[in-house]
There are 2 protein chains.
Amino acid sequence: MNIGDVASRSGLPAKTIRYYEDIGLIKPHRSANGYRCFAETDLHKLAFLGRARALGFTIEDCRTLMALYEDESRASADVKQLAQEHLAKIEAKIADLQAMRDTLGELVKGCAGDSRPDCPILKDLSGKG
Amino acid sequence: MNIGDVASRSGLPAKTIRYYEDIGLIKPHRSANGYRCFAETDLHKLAFLGRARALGFTIEDCRTLMALYEDESRASADVKQLAQEHLAKIEAKIADLQAMRDTLGELVKGCAGDSRPDCPILKDLSGKG
DNA sequence: TATGAGGGTTCCTGTCAGTGGAAGGTCAAG
DNA sequence: CTTGACCTTCCACTGACAGGAACCCTCATA
């Protein structure tokens, strides 16, 4: 398979696939003309990466997850720990964003949104005043 | 005031303050020795920026908000619209993260986390199979 | 007077995970 | 033979700073 084929089959942009090769996540062979030549296992790895990234794992996490996946003698505890740590980060980020949403929501609600200059949003940003 | 003073009084790192000057958000004067020389208004602007950034507004949003703040003839509708658009982005991000959290939470829950290799997390990432 | 500590300055590089684009090689169809 | 779709590499850019090098300024102390 050429890169265009794996791109459409994996759902990842060709640029991203080249990047993943660049950083050593995949190692496709090369055809005589220099084109990347992907096997089914490469496609499978890319799909794995795509799903892991969609769950918000960092590239380094993905590297670790792939290594665990390929290690038949892994302990599921290692996978679980990585996932739990990631989960905790996600939850922290959600909490941060919810706090922003709550504050901002209140401010927006209190703003007339008309042609006059008085605005509780700016008032708050300027230090309540 | 020197940069260290405004840093501690605004809560922003000196590096960030220099960066904000670099991109034109603030324009402190200079003393004879070349040091930045901050007035109270600069401090006030930095505090404004700090609060806007804490609410997740982008730097460009902050630029716009500062301009609106300084424009006595602004319409609060413009502020409100900016804030509402930002709010919508925050809510979208929260929804994304919640979807991740839900999926990942399920997977983590189903993982034994012991010394054996069987792992629903890896199974899911590899395409359910 | 020398020295050291603790400010300040600029400039360059790195972060993260790609994206955009230029310049050029390769291949199948018309 | 040419067109157009594909592929290649390489370089620059993103946002919002952080880290660090190399150097300057000021003050207190030995």
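Distance CD1 (A:Ile59) to P (C:dT15): 14 Å, rounded to an integer number of Å. In this structure, B:Glu60 places its CD atom 13 Å from C1' of D:dT14, rounding to the nearest Å. As rounded to whole Å, 14 Å separates atom C1' of C:dG25 from atom CG of A:Asn2. Distance OH (B:Tyr19) to P (D:dG15): 8 Å, rounded to an integer number of Å. The nearest whole Å value for the distance from the OH atom in B:Tyr20 to the C1' atom in D:dC17 is 8 Å. For the pair B:Asp61 CG and D:dA16 P, the interatomic distance rounds to 9 Å; values are reported in whole Å. The CD1-P distance, from A:Ile3 to D:dC7, rounds to 7 Å in whole Å. Atom CE of A:Met1 and atom P of D:dC7 are 12 Å apart (whole Å).
How far CD1 of B:Ile26 is from NE2 of B:His44: 14.0 Å, rounded to the nearest 0.5 Å. Note that CG of B:Asp61 and CG of B:Leu55 are 11.0 Å apart. Values are rounded to the nearest 0.5 Å.
Legend: residues meeting salt bridge (Lys or Arg N to Asp or Glu O under 4.0 Å) with A:Arg9, ordered by chain and number and at least two apart, are A:Glu40.
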Name every donor-acceptor pair, under 3.5 Å, that has one atom in a side chain of residues 93-107 of chain A and the other anywhere in the protein, sequence neighbours excluded.
{"unit_1": "A:Thr103", "atom_1": "OG1", "unit_2": "A:Ala99", "atom_2": "O", "d": "3.0"}
{"unit_1": "A:Glu106", "atom_1": "OE2", "unit_2": "A:Lys109", "atom_2": "NZ", "d": "3.4"}

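The pair B:Asp118-B:Arg116 does not meet the salt-bridge criterion, since no charged nitrogen lies less than 4.0 angstrom from a carboxylate oxygen. The existence of a salt bridge linking B:Arg63 and B:Glu60 is confirmed by a sub-4.0 Å separation between a basic side-chain nitrogen and an acidic carboxylate oxygen.
Here A:Arg36 does not reach the OP1 or OP2 of C:dT26: none of its side-chain N or O atoms lies under 4.0 Å away.
Using a 4.0 Å heavy-atom criterion, one finds that A:Arg18 contacts the bases of the nucleic acid, with or without backbone contacts as well.
Contacts between residues 39-57 of chain A and DNA chain C, defined by a heavy-atom separation under 4.0 Å, are made by A:Arg53. A heavy atom lying under 4.0 Å from DNA chain C marks none of the residues of residues 82-91 of chain B. Against DNA chain C, the stretch residues 21-33 of chain A makes heavy-atom approaches under 4.0 Å through A:Asn33.
Side chain of B:Ser115 to backbone of A:Ala75: no donor-acceptor contact under 3.5 angstrom is found.
Contact between B:Arg53 and B:Phe57 at its shortest, heavy atoms only, is NH1-O, 2.5 Å.
Among the nucleotides D:dA16, D:dT8, D:dC25, the one closest to any side-chain atom of B:Tyr35 is D:dC25. Of the listed nucleotides (D:dC7, C:dA17, D:dA16), D:dA16 has the atom at the smallest distance from the side chain of B:Thr58.
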Nucleotide N/O to protein N/O under 3.5 Å, stretch nucleotides 18-21 of chain D:
{"unit_1": "D:dA18", "atom_1": "OP2", "unit_2": "B:Thr16", "atom_2": "OG1", "d": "2.9"}
{"unit_1": "D:dG19", "atom_1": "N7", "unit_2": "B:Lys15", "atom_2": "NZ", "d": "2.8"}
{"unit_1": "D:dG19", "atom_1": "O6", "unit_2": "B:Lys15", "atom_2": "NZ", "d": "2.9"}
{"unit_1": "D:dG20", "atom_1": "O6", "unit_2": "B:Lys15", "atom_2": "NZ", "d": "2.4"}

